[in-house]
Amino acid sequence: MQSREPNRKDLTGPALRTFFRIADAWGLKENEQMRLLGLDNRSTFQSWKRGAVAAIPKDALERISYVLGIYKGLQILLPRTADDWVRKPNAAPLFSGRSALDRMTSGNVADLYVVRQYVDAQRG
């Protein structure tokens, strides 16, 4: 029997539940969560939070994938302070003294990618 690739509908529930757990761990405000997800509509965000969505867009799944990778990488790198790291000012050139969260909430999926690459590079 051939196993099929999970589709967006299959991934939506687990992805959103994981995202909201990470958002809680990081102490994200609603507007920060919306920026990370690429949303500008509060009612859409509320529906997603309630789980009242069949399938989220591919872009949102990609964003959640980066957030999950960043979270996981930080848990490995900084087990005690991982959740605080996202808000701390960062001297690395990539952040220009601002926090990783500032960079990640720019609204651009590319910024999530760049932060993910940075965290992965720190892990070696």
Side-chain angles (χ1 to χ4, degrees):
M1 189 158 149
Q2 196 122 38
S3 69
R4 63 179 182 82
E5 282 287 306
N7 61 29
R8 280 188 298 125
K9 206 171 189 167
D10 295 335
L11 296 171
T12 290
L16 286 174
R17 285 190 298 276
T18 302
F19 174 81
F20 289 120
R21 278 198 295 274
I22 292 169
D24 284 345
W26 286 353
L28 299 182
K29 297 175 188 90
E30 185 175 272
N31 65 324
E32 292 168 329
Q33 294 177 48
M34 288 175 62
R35 302 276 303 168
L36 287 178
L37 291 168
L39 292 174
D40 51 17
N41 185 315
R42 192 167 178 275
S43 63
T44 300
F45 173 78
Q46 292 296 336
S47 293
W48 288 16
K49 195 157 187 170
R50 284 192 315 273
V53 58
I56 58 175
K58 188 175 179 286
D59 172 73
L61 276 175
E62 181 182 2
R63 289 166 175 275
I64 292 170
S65 170
Y66 289 136
V67 169
L68 178 58
I70 292 163
Y71 178 82
K72 184 178 168 195
L74 290 174
Q75 294 298 321
I76 293 166
L77 276 173
L78 310 162
R80 287 193 192 89
T81 58
D83 296 336
D84 300 325
W85 182 87
V86 292
R87 288 199 183 276
K88 288 191 170 152
N90 195 316
L94 175 70
F95 303 109
S96 310
R98 293 170 53 225
S99 73
L101 188 60
D102 286 337
R103 180 81 192 244
M104 292 189 293
T105 55
S106 70
N108 298 318
V109 71
D111 286 310
L112 289 168
Y113 170 79
V114 167
V115 174
R116 167 79 193 265
Q117 293 293 101
Y118 174 82
V119 170
D120 287 349
Q122 297 305 304
R123 284 181 38 210

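Small disclaimer: the values here were computed from a predicted structure and weren't measured.
- In this structure, Trp85 is not a member of the same hydrophobic cluster as Ile76, with clusters built from ILVMFWY side-chain heavy atoms closer than 4.5 Å.
- Heavy atoms only, all atoms of each residue included: Val119 and Leu77 are closest at O-CD1, 3.8 Å.
- Not counting sequence neighbours, the partners of Asp120 by the side chain to side chain donor-acceptor pair (under 3.5 Å) test are Arg116.
- Across all non-hydrogen atoms, the minimal contact from Gly97 to Pro89 is O-CB, 3.3 Å.
- With a 6.0 Å radius and a threshold of 12 heavy atoms from other residues, nucleotides or ligands, Phe95 has its CZ atom above the threshold.
- Partners of Ser106 according to the side chain to side chain donor-acceptor pair (under 3.5 Å) rule, which considers only residues two or more places apart in sequence or in another chain, are Asp111.
- From Arg50, atom CZ reaches atom CZ of Phe20 across 10.5 Å, with rounding to the nearest 0.5 Å.
- In terms of modelled atom types and a separation under 3.5 Å, the side chain of Asp24 and the main chain of Arg21 share no donor-acceptor contact.
- For Asn90 (side chain) and Ala92 (main-chain N/O), a donor-acceptor pair under 3.5 Å exists by modelled atom type.
- Remark: Ile64 CD1 to Asp59 CG distance equals 10.0 Å, nearest 0.5 Å.
- Screening Leu61, Ile56, Val67 against Phe19 for a side-chain contact (heavy atoms from CB on, under 4.5 Å) leaves a single residue, Val67.
- Taking the six-membered ring for Trp, Tyr66 and Tyr118 have ring centres at least 6.0 Å apart.
- Within the model, atoms CZ of Arg98 and OG1 of Thr105 stand 7.5 Å from one another, a figure rounded to the nearest 0.5 Å.
- The stretch residues 70-93 participates, sequence neighbours left out, in these salt bridge (charged side-chain N to carboxylate O under 4.0 Å, His left out) pairs: Glu32-Arg87.
- Atom CH2 of Trp48 is separated from atom CG of Leu39 by 4.0 Å, given to the nearest 0.5 angstrom.
- Nearest heavy-atom pair, Ala82 versus Leu74, reported as atom, atom and distance to 0.1 Å: CB-O, 3.3 Å.
- Rounding to the nearest 0.5 angstrom, the gap separating the NZ atom in Lys49 from the CD atom in Glu30 is 7.0 Å.
- No option in Leu28, Val109, Val115 other than Val115 meets the side-chain contact (heavy atoms from CB on, under 4.5 Å) test with Met104.
- For the atom pair Leu36 CG and Leu112 CG, the distance stands at 6.0 Å (nearest 0.5 Å).
- Of all heavy-atom pairs spanning Arg103 and Val114, the tightest one is NH2-CG1, 3.9 Å.
- Heavy atoms from other residues, nucleotides or ligands lying under 6.0 Å from CZ of Arg42 number 12 at most.
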